[in-house]
Amino acid sequence: MLKELPAMRKPATLSKETRYRVVRRLLKERPVISVSDYLAALDGSVTRQQAHRDLVSFPRIVAMSDRRGRKYRLGRHHSPSQN
């Protein structure tokens, strides 16, 4: 008979407002944050994919690169045509 596998930890669900409050607090503490910073502040309560979606959709937050390990900061969204 197969041994019972340990239960996988399922991320808890936090409201969008709660998650955004955490983002605002992090950005007050430091000018630049990463997905890892956000996940640590949430103590693993959301998936990495949800954390990335939150940061991308947060008003006035700007990704500092399009690559893996990107950092985020407050700023204005702008399109390349505004340069």
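Source: prediction; values computed, not measured.
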**Study point:** Check against side-chain contact (heavy atoms from CB on, under 4.5 Å), Arg19 and Val46
**Key:** CA-CA 9 Å; Arg19 296 191 317 266; Val46 298; 3.5 Å; yes

Practice item. Give the cluster check for Val56 versus Leu42: same hydrophobic cluster or not, with ILVMFWY residues linked at side-chain heavy-atom distances below 4.5 Å. Key: yes

Point to revise | With Arg53 via side-chain contact (heavy atoms from CB on, under 4.5 Å) - residues at least two apart | key: Gln49, Gln50

**Study point:** Of all pairs that satisfy ring pair (Phe, Tyr, Trp, His ring centres under 6.0 Å), the ones with a partner from residues 15-41, not counting sequence neighbours
**Key:** Tyr20-Phe58

**Study point:** Euclidean distance, Ser36 OG relative to Lys71 NZ, rounded to 0.5 Å
**Key:** 7.5 Å

Practice item. Taking Arg73 for its side chain and Met64 for its backbone only, find out whether a donor-acceptor pair lies under 3.5 Å. Key: no

Exercise for review: Using atom types as modelled and distance alone, determine if a side-chain donor or acceptor of Asp54 lies under 3.5 Å from a backbone N or O of Ala51.
Suggested key: no

Review point. Side-chain contact, heavy-atom cut-off 4.5 Å: Asp37 with Tyr72?
Key: no

Review point. Just wondering, do Arg70 and Leu55 contact through their side chains at under 4.5 Å, heavy atoms?
Key: no

Exercise for review: Would you sort out whether Val62 and Leu74 count as a side-chain contact (heavy atoms from CB on, under 4.5 Å), showing the intermediate values?
Suggested key: CA-CA 6 Å; Val62 175; Leu74 281 179; over 6 Å; no

Name each donor-acceptor pair under 3.5 Å that joins a side chain in residues 21-29 to protein atoms two or more places apart or in another chain, with its distance.
unit_1	atom_1	unit_2	atom_2	d
Arg25	NH1	Glu29	OE2	3.1

